[in-house]
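Positions are given from 1 along the sequence. A quick note: this is a predicted structure, and the numbers were derived from the prediction, not measured.
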Amino acid sequence: MAAPVVDAEYLRQIDRARRALRALIASKGCAPIMLRLAWHDAGTYDVNTRTGGANGSIRYEEEYTHGSNAGLKIAIDLLDPIKAKCPKVTYADLYQLAGVVAVEVTGGPTIEFVPGRRDSSVCPREGRLPDAKRGAPHLRDIFYRMGLTDKDIVALSGGHSLGKAHPERSGFEGAWTRDPLKFDNSYFIELLKGESEGLLKLPTDKALLDDPEFRRYVDLYAKDEDIFFKDYAESHKKLSELGFTPRSVGPASTKSDLPTAVVLAQSAVGVAVAAAVVIAGYLYEASKRSK
C-alpha cells in the first residue's frame, strides 16, 4: 500500500487520535493491551528480508489469530472507532501511537512519535515473536532478527511493569508488579527480589538475571529509573519504527523537522496538563482554608 501523505491535515488527525486514545485508555484502563498490540505489530520485523514490522497487518484475522496474539482482537476493536474518526491515519500509525500513549498516560516516559507508516495487507508467518517459555539465546535470536540489541531487549522487557498474563492467552497467569497500571522501574526491582508471592516471573524474565550482559542492565534499571526511562523511550521508538523510514513533511521540510514539531507539540500538552493539575490543587487547598 502507498505511504500516507503526512500533510497538515494528517497531523491534525494524529492529534485528534492522540486525544481520543488518552480518553479511551483512561476510561477503559486498557494501556497494557494497547502496548502489547503495538509491540506485536512491530515485533515481526526481519531486518534481513525487510518484511513484517509496524505496518498494521495485525488487523487481519490471519495474523491476530496467531497464538502469540491471543486476545489482541479486543484492542483492534477498541481502536476501530478512533480510526473511523481519523480516516487519514493509517492503522500502522494508529497502533504505534496507541502504544506510545499507553506508556505516557500510565506515568512512563515521553516517546518521540513520527507519523507516516504505510499499511500492509501481507501478514508474516507465525513464530516471529518471543516465546515466553524459552531463554536468553531465543531472546537474542528474535530481537537480533529485528535489528535490536541486548540493551533494547532488557529495556523493552521493562514494559512488563504494565499488565498481567492471562492463562487463556499465554498459558501463564498474574502480574509482574504490584501496580500493573503504573509504568515505572518496578519490574526490575521485583525481578531482583526473586520469587515473590502473587507475582509472575516467566522463563524469559529469569533469563535476564541468568545472562551476565542482560543482568547488568537489570541492575542499572532497578537502581535508576531515570536511566531506564531514557533507554526505554529510545528502544520503544526503535521498535515502533521497524520497517519504517520517517519521511519529511512538505517540500521545504528536512527529516528533522517533523520529529521536532511532534515532540514540541507533545511537550506543550504535557506542560498544559501539569499546569492544570497544579492550579486545581491550589484552588482545592484555598477552598479548604476558607471553610
Whether the side chain of [X] engages the backbone of [Y] through a donor-acceptor N/O pair (distance < 3.5 Å, no angle test) should be reported.
X    : Y    : value
K83  : V89  : yes
S196 : L199 : no
D141 : H138 : no
N69  : L72  : no
H40  : S68  : yes
Q96  : A38  : yes
H236 : I111 : no
E213 : D150 : no
Q13  : K88  : yes
T106 : V103 : yes

Closest heavy-atom contact between [X] and [Y]?
X    : Y    : answer
T44  : G52  : OG1-CA, 3.5 Å
A222 : N185 : O-ND2, 3.2 Å
A132 : L202 : CB-CD1, 3.8 Å
A98  : L79  : CB-CD1, 4.2 Å
F228 : A155 : CE1-O, 3.4 Å

[X] with [Y]: basic N within carboxylate O range, under 4.0 Å:
X    : Y    : answer
E9   : R12  : yes
D80  : R59  : no
R125 : E63  : no
K238 : E241 : no
R215 : D210 : no
K230 : E225 : no

Surrounding NZ of K201 (heavy atoms of other residues, nucleotides or ligands, distance under 6.0 Å), is the total greater than 12?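 More than 12 heavy atoms, drawn from other residues, nucleotides or ligands, come within 6.0 Å of this atom.
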At what distance, to the nearest 0.5 angstrom, does CG of L37 lie from CD1 of I76?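 Rounded to the nearest 0.5 Å, the CG-CD1 separation comes to 5.5 Å.
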Measure the spacing between NZ of K151 and CG of L156 and express it to the nearest 0.5 Å.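 If I round to the nearest 0.5 Å, the distance is 11.0 Å.
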Side chains of [X] and [Y]: does their closest heavy-atom pair fall under 4.5 Å?
X    : Y    : result
H166 : K164 : yes
L94  : I14  : no
Y187 : D205 : yes

In sequence, state the C-alpha distance, the side-chain angles, and the governing distance for Y221 and D231, and then conclude on side chain to side chain donor-acceptor pair (under 3.5 Å). CA-CA 9 Å; Y221 296 154; D231 287 355; 2.7 Å; yes
Checking side-chain polar atoms at under 3.5 Å, does R145 have a donor or acceptor matched by the opposite partner on T49?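 No, because no side-chain N or O of R145 sits under 3.5 Å from a partner of the opposite role on T49.
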Can you check side chain to side chain donor-acceptor pair (under 3.5 Å) on E190 and T177, steps first, answer last? CA-CA 7 Å; E190 295 293 347; T177 66; over 6 Å; no
Step-by-step side chain to side chain donor-acceptor pair (under 3.5 Å) determination, N55 to Y45: CA-CA 10 Å; N55 58 24; Y45 188 63; over 6 Å; no
Decide side-chain contact (heavy atoms from CB on, under 4.5 Å) for I153 and L148; before the verdict, give the C-alpha distance in whole Å, the side-chain angles of both, and the deciding distance to 0.1 Å. CA-CA 7 Å; I153 292 171; L148 300 180; 5.7 Å; no
Partner set under salt bridge (charged side-chain N to carboxylate O under 4.0 Å, His left out) for K73, not counting sequence neighbours: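 Once residues adjacent in sequence are excluded, the partners of K73 under the salt bridge (charged side-chain N to carboxylate O under 4.0 Å, His left out) criterion are D77.
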Same cluster or not: L181 versus L21, using hydrophobic residues (I, L, V, M, F, W, Y) connected whenever any side-chain heavy atoms lie under 4.5 Å apart?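 Per the 4.5 Å side-chain linkage, L181 and L21 are not co-clustered.
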So if you build clusters from Ile, Leu, Val, Met, Phe, Trp, Tyr with side-chain heavy-atom gaps below 4.5 Å, do L97 and Y10 land together?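 Per the 4.5 Å side-chain linkage, L97 and Y10 are co-clustered.
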Sequence neighbours excluded and cut-off under 3.5 Å, please list the side-chain donor-acceptor pairs for residues 114-122, or say none.
residue : atom : partner : partner atom : Å
R117    : NE   : S240    : O            : 2.8
R117    : NH1  : D93     : OD1          : 2.8
R117    : NH1  : V114    : O            : 2.9
R117    : NH2  : S240    : O            : 3.2
R118    : NH1  : M1      : O            : 2.9
D119    : OD1  : Y91     : N            : 3.1
D119    : OD1  : A92     : N            : 2.8
D119    : OD2  : Y91     : N            : 3.1
S120    : OG   : V122    : N            : 3.0

What about the rings of Y232 and F183, do their centers lie closer together than 6.0 Å?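 Under 6.0 Å, so yes.
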